[in-house]
Number of protein chains: 2
Amino acid sequence: MKLPLDTILEGDCIAHLESLPAKSVDLVFADPPYNLQLGGELLRPDNSKVDGVDDAWDHFDSFREYDDFTRRWLAAARRVLKDDGALWVIGSYHNIFRVGAALQDLGFWMLNDIVWRKSNPMPNFRGTRFTNAHETLIWCAKSAESRYTFNYDAMKALNDDLQMRSDWTIPLCTGSERLKGAEGAKVHPTQKPEMLLFRVLMATTKPGDVVVDPFFGTGTTGAVAKKLGRHFIGMERDPDYIAAAKERIAKVRPVADLSLLATPSKRTEPRVPFGTVIERGLLEPGTVLYGGEKAKWTAKVRADGTLVTADHRGSIHKVGALVQNAPACNGWTFWRMKKGDEMVPIDSLRQQIRAELH
Amino acid sequence: MKLPLDTILEGDCIAHLESLPAKSVDLVFADPPYNLQLGGELLRPDNSKVDGVDDAWDHFDSFREYDDFTRRWLAAARRVLKDDGALWVIGSYHNIFRVGAALQDLGFWMLNDIVWRKSNPMPNFRGTRFTNAHETLIWCAKSAESRYTFNYDAMKALNDDLQMRSDWTIPLCTGSERLKGAEGAKVHPTQKPEMLLFRVLMATTKPGDVVVDPFFGTGTTGAVAKKLGRHFIGMERDPDYIAAAKERIAKVRPVADLSLLATPSKRTEPRVPFGTVIERGLLEPGTVLYGGEKAKWTAKVRADGTLVTADHRGSIHKVGALVQNAPACNGWTFWRMKKGDEMVPIDSLRQQIRAELH
DNA sequence: TGGGTGCGTGAATCCGTAA
DNA sequence: CTTACGGATTCACGCACCC
């Protein structure tokens, strides 16, 4: 049987996977429903409404139901993979642990878990948790014996000649890349950035390989596959998504020169919050800092990285400005600490941390 | 029964957990073993860890054994947690997916998965995978109904007044912090950096809280707990680790001034009803308040602490929301009063009353 | 054309307490 | 148990618009 290359199969992915010949494809990339279990509506501080994912396809009645669904599509995906093939799944804390456990139970062999570190995530509007600023991908081979594809040198080249790490900083899919329908509404609630698929396909497929995406959505996998000279087979239930994906992929021109896809890092100096100095134990809470000529002002360091004086509390910059009655202040150079008989600016601690971050 | 505070219990953690009273502790921090080995023994990973696979390996049986172990200690930990308590687990892709699924099955409620992004990870020497540059922590409440502790303001302060994200860049435990034995050998193969525990305990416990660490190792949790004015209960099977931990913790000096440990938050400040402002005579009934840009709306203060406009009557919050046609409104910041030529938010009156309450 | 400002928005398990 | 209500809560970008 010939594979339906570079096409989108409409309908349930499990049936379609079962219709493909066994051991016939090189890679599976899957972005399954996350089972978010959202509550009511959520408002921003400005009272605007957050457009959450409330689509029916993301709703499951129980973990058991989600597990059943997961194991069924994973088993079907494993069957169509070549023995040396591999699979990627993306998810969030709502579902990724269940997916990961299922992978292991089915005999997949984990190679890496990858953190997609979002440079511009949505904040936590109620101040109830840490900002949920990442998603997790799992990369696994069909089995522990698979001789999987990993383009080590391409990854190193993409990363300024340093080994590519397991955490990838990539922006959300926004702006002109984001598919919009009538009245500017997003076509798909969870469209992934092409940069993410670039990296996945560049790292773990060869030109001409066949990539199956069982939850094709609006076709990011297909668009990037075409661009990179890989074949795709998409599976998707929603005809509207399929239509948008077809139109999108038709516009894609394969790139001749793959080196154009390198994304050199910005090489910006890492921001070091003053709190890190405390957390690292370079200053103890309670330490006294001195500011101004002849140590005119003093302040005490708190465990949360703020300073206190008799009258003020806040960041090193804010308190520095307040005691001087100045509009602004660079706390790193204003405040000094005792070091033996000397007074040393606390900026030396930031230098030390930056050195460790390299 | 009195809790064995600030001590280390030698032996298996499951037995010790079962010996503690139910619903008695505030937090569990766990760094469980994750290396699966034939023969049923669960060992910590060390530097000689082999990547290869034993062909006789039976995935399902081994995973099941690990799952059994995991569910037993998690269930025991859940029993000793207060209903509003929480639990942290740290792991890598070898085990964290199984742990995460078990957590959800046992009724824990996930709050965040946190990525410990290592600034100085060990490179992948063979160039076969992405550099494994992170570990994953899961923070979860005992149940979805738990009113868990999250010191939002302290986290924001630690991060230069930006919300703390779910990815934390922290160096490995090296240098003088790393416990060394005879001939400079590492005492423990996977000693965690104190900075990691600092953030965990600062974020999710209050001073005086009781923290249980069932896999205490060389006592990073205990050392940071003591420093931050929290109580710990450690559990550990290896007497050598216990000895090293005791020596280490004995040297730790707690932060003396408790006021340096807690970050004041608006949520914990005493509630001041607007009526108190009237009762105290800080505003006369009949005073006109102004809301919105350029004082778009006006309202009159009534003697009972409500406001009236032409169309509405109610609390400062309710009327503020009604005139704006908004779902909610903070009347303290929305409404302003005339003070000379200036317009001052009525929140200044609340500040005044709160100051007098001290 | 160019810089500055303002607005919209993204896979979100997003309140706590008293009556 | 539910209901009511006080009042606390946002970061990084892309784009439109304006002078």
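All chains are named by letter (A, B, ...) in the order of the sequence lines, taking the proteins before the strands, and each is independently numbered beginning at 1. The model shown is predicted, which means the values in this text are computed figures rather than measured ones.
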> Any side-chain to backbone donor/acceptor pair from B:K142 onto B:L81? Under 3.5 Å, distance only.
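Yes; judged by distance alone, with no hydrogens or angles, the pair exists.
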> Enumerate the residue pairs fulfilling side chain to side chain donor-acceptor pair (under 3.5 Å) with a member in residues 314-323 of chain B, sequence neighbours excluded, ordered by first and then second residue.
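Sorted pair list comes back empty.
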> How far, in whole Å, is D:dC5 from C:dA12 if one measures between their C1' atoms?
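It comes out at 24 Å once rounded to the nearest Å.
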> Would you measure the distance from the C1' atom in D:dT10 across to the matching atom in C:dG10 and give it in whole Å?
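The answer is 12 Å between these two C1' atoms.
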> OP1 or OP2 of D:dC5 versus the side-chain N and O atoms of B:H317: is any pair under 4.0 Å?
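No, because none of the side-chain N or O atoms of B:H317 sits under 4.0 Å from OP1 or OP2 of D:dC5.
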> Would you say the side-chain atoms of B:S146 pair up with the backbone N or O of B:Y148, donor to acceptor, closer than 3.5 Å?
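Side chain of B:S146 to backbone of B:Y148, a donor-acceptor pair under 3.5 Å: no, none is there.
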> When the aromatic ring centroids of A:F216 and A:Y241 are compared, is their separation below 6.0 Å?
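Aromatic pair excluded; centres sit 6.0 Å or further apart.
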> Please identify each residue that fulfils ring-ring contact (aromatic ring centres under 6.0 Å, His included) with A:F125, with sequence neighbours left out.
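So A:F125 forms no ring-ring contact (aromatic ring centres under 6.0 Å, His included) with any residue.
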> Remember a base hit wins even if backbone is also touched, and classify B:A328 as base, sugar-phosphate or nothing at under 4.0 Å, heavy atoms.
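The residue B:A328 makes base contact.
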> Given D:dG7, C:dA11, C:dA12, which nucleotide is nearest the side-chain atoms of A:E135?
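Closest nucleotide among those given: C:dA11.
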> Give me the distance, rounded to whole Å, that separates C:dT13 from D:dG7 when you measure between the P atoms they each carry.
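These two P atoms come out 27 Å apart once rounded.
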> Could you list the residues that satisfy ring-ring contact (aromatic ring centres under 6.0 Å, His included) with A:H94, not counting sequence neighbours?
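Residues passing ring-ring contact (aromatic ring centres under 6.0 Å, His included) with A:H94: none at all.
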> Say you pick atom P in D:dA8 and the same atom in C:dT9; how far apart are they, in whole Å?
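Approximately 27 Å lies between the P atom of D:dA8 and that of C:dT9.
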> For A:E247, does the CD atom sit with more than 12 other heavy atoms under 6.0 Å from it, leaving out its own atoms?
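For A:E247, atom CD is not crowded (no more than 12 foreign heavy atoms under 6.0 Å).
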> Just to verify, what does B:W109 make a ring-ring contact (aromatic ring centres under 6.0 Å, His included) with, not counting sequence neighbours?
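Once residues adjacent in sequence are excluded, B:W109 has no partner under the ring-ring contact (aromatic ring centres under 6.0 Å, His included) criterion.
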> D:dG6 C1' sits how many Å from B:I353 CD1, rounded?
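Those two atoms, CD1 and C1', are 15 Å apart.
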> Do side-chain atoms of A:D213 reach the backbone of A:V28 as a donor and acceptor pair under 3.5 angstrom?
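No.
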> Starting at CG of A:L43 and ending at C1' of D:dG7, how long is that distance when rounded to a whole Å?
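Result: 13 Å.
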> So that I can tick it off, tell me whether B:D347 and B:R350 are bridged by a salt bridge, with the cut-off set at under 4.0 angstrom between side-chain N and carboxylate O.
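Salt bridge flag = yes for B:D347 with B:R350.
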> When you measure from the centre of the six-membered ring of B:W168, is the NZ or CZ of B:R199 under 6.0 Å away and within 45° of the axis?
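The answer is yes, since B:R199 meets both limits relative to B:W168.
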> Rounded to the nearest angstrom, tell me the gap between atom CD in B:E145 and atom C1' in D:dC1.
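So the two atoms are 13 Å apart, to the nearest Å.
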> Using a heavy-atom cut-off of 4.0 Å across all strands, would you classify B:S315 as base, sugar-phosphate, or nothing?
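Touches sugar-phosphate only.
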> Just to verify, what does A:D67 make a side-chain contact (heavy atoms from CB on, under 4.5 Å) with, not counting sequence neighbours?
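Once residues adjacent in sequence are excluded, the partners of A:D67 under the side-chain contact (heavy atoms from CB on, under 4.5 Å) criterion are A:R71, A:R98.
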> Would you mind reading off the distance between A:K118 atom NZ and C:dG10 atom P, rounded to a whole angstrom?
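For the pair A:K118 NZ and C:dG10 P, the rounded distance is 12 Å.
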> Could you list, one pair per line, each protein nitrogen or oxygen that sits under 3.5 Å from a nitrogen or oxygen of nucleotides 17-19 of chain C, together with the distance?
{"from": "C:dT17", "atom 1": "OP2", "to": "B:R147", "atom 2": "NH1", "distance (Å)": "3.4"}

> In whole Å, what is the span from the CD1 atom of A:I170 to the C1' atom of C:dG10?
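One finds 16 Å between C1' of C:dG10 and CD1 of A:I170, rounded.
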> Just to be sure I understand the geometry, which residues of residues 50-60 of chain A put a non-hydrogen atom under 4.0 Å away from DNA chain D?
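Under 4.0 Å from DNA chain D: no residue of residues 50-60 of chain A.
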> With the side chain of B:W109 defined as its heavy atoms from C-beta on, choose the nearest nucleotide among C:dT13, C:dA11, D:dG7.
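Closest of the options to the side chain of B:W109: C:dT13.
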> Determine whether any donor atom in the side chain of B:K318 lies under 3.5 Å from an acceptor atom in the base of D:dA4, or the reverse, and answer yes or no.
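Checked by distance alone, the answer is no.
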> 5'-most contact on DNA chain C: A:Y93 or B:S146, nearest heavy atom basis?
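The answer here is A:Y93.
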> List, with names and distances, any nitrogen or oxygen atoms from the protein found under 3.5 Å away from nitrogen or oxygen atoms belonging to nucleotides 10-12 of chain D.
{"from": "D:dT10", "atom 1": "OP1", "to": "B:Y152", "atom 2": "OH", "distance (Å)": "2.6"}
{"from": "D:dT10", "atom 1": "OP1", "to": "B:K156", "atom 2": "NZ", "distance (Å)": "2.5"}
{"from": "D:dC11", "atom 1": "OP1", "to": "B:Q163", "atom 2": "N", "distance (Å)": "3.1"}
{"from": "D:dC11", "atom 1": "O2", "to": "A:P121", "atom 2": "O", "distance (Å)": "3.3"}

> Which nucleotide sits closest to the side chain of B:R350: D:dG7, C:dA11, C:dA12?
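From the listed options, D:dG7 comes nearest.
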> For DNA chain D, what residues of residues 174-188 of chain A have any heavy atom nearer than 4.0 Å?
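Those residues are A:T174, A:G175, A:S176.
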> Which part of the nucleic acid, if any, lies within reach of B:R267 when heavy atoms closer than 4.0 Å are counted: base, sugar-phosphate only, or nothing?
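Sugar-phosphate, no base atom in range.
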> Just how far, in rounded Å, is P of D:dA8 from CG of B:D153?
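These atoms are roughly 11 Å apart.
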> Indicate, with a heavy-atom threshold strictly under 4.0 Å, whether B:C329 touches base, sugar-phosphate, or nothing.
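Since a base atom lies under 4.0 Å of B:C329, the category is base.
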> Considering only residues two or more places apart or on different chains, which pairs with a residue in residues 297-310 of chain B satisfy salt bridge (charged side-chain N to carboxylate O under 4.0 Å, His left out)?
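Sorted pair list: B:R302-B:D304.
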> Are A:L197 and A:F29 close enough, and set up right, to give a side chain to side chain contact (heavy atoms under 4.5 Å, CB included), and what steps lead you there?
CA-CA 9 Å; A:L197 272 295; A:F29 181 91; 4.0 Å; yes
> For C:dA11 and A:N132 - does any side-chain N or O of the residue sit under 4.0 Å from the phosphate oxygens OP1/OP2?
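Indeed not, no polar side-chain atom of A:N132 lies that close.
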> For the CG atom on B:N325, are there more than 12 heavy atoms of other groups (residues, nucleotides or ligands in this structure) within a distance under 6.0 Å?
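No - once you tally the heavy atoms of other residues, nucleotides and ligands closer than 6.0 Å, there are 12 at most.
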> Quick test of your reading of the model: are B:D167 and B:R165 salt-bridged, counting only N-O distances below 4.0 Å?
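Yes, charged N to carboxylate O under 4.0 Å.
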> Between atom CD in A:Q191 and atom P in D:dG14, what is the gap in whole Å?
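In whole Å, D:dG14 P lies 15 Å from A:Q191 CD.
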> Students often get this wrong, so: under 4.0 angstrom with heavy atoms, is A:P32 touching a base, only sugar-phosphate, or nothing?
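Base contact.
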> Is the side chain of A:N124 donor-acceptor paired with the backbone N or O of A:N132 at a distance under 3.5 Å, no angle test?
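Between the backbone of A:N132 and the side chain of A:N124 there is no qualifying donor-acceptor contact (under 3.5 Å).
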> Need the glycosidic conformation of C:dT13: syn if within 90° of 0, anti if not. Which one?
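The base of C:dT13 is oriented syn (glycosidic angle within 90° of 0).
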> Using Watson-Crick and G-U wobble pairs whose two distances are both under 3.5 Å, how do you write the pairing of DNA chain D as dot-bracket, with | for links to another strand?
.|||||....|||||||||
> Using atom P in both nucleotides, what's the gap between C:dC14 and D:dG6 to the nearest angstrom?
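Rounded to whole Å, the distance is 23 Å.
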> Using the P atom in both, what is the distance from C:dT1 to D:dA16, to the nearest Å?
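To the nearest whole Å, 16 Å.
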> Taking only residues two or more places apart in sequence, or in another chain, which ones meet B:F150 in a ring-ring contact (aromatic ring centres under 6.0 Å, His included)?
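If we apply the ring-ring contact (aromatic ring centres under 6.0 Å, His included) test to B:F150, skipping adjacent residues, the hits are A:F130, B:W139.
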> Any chance the rings of A:W57 and A:F215 have centres within less than 6.0 Å?
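Not under 6.0 Å, so no.
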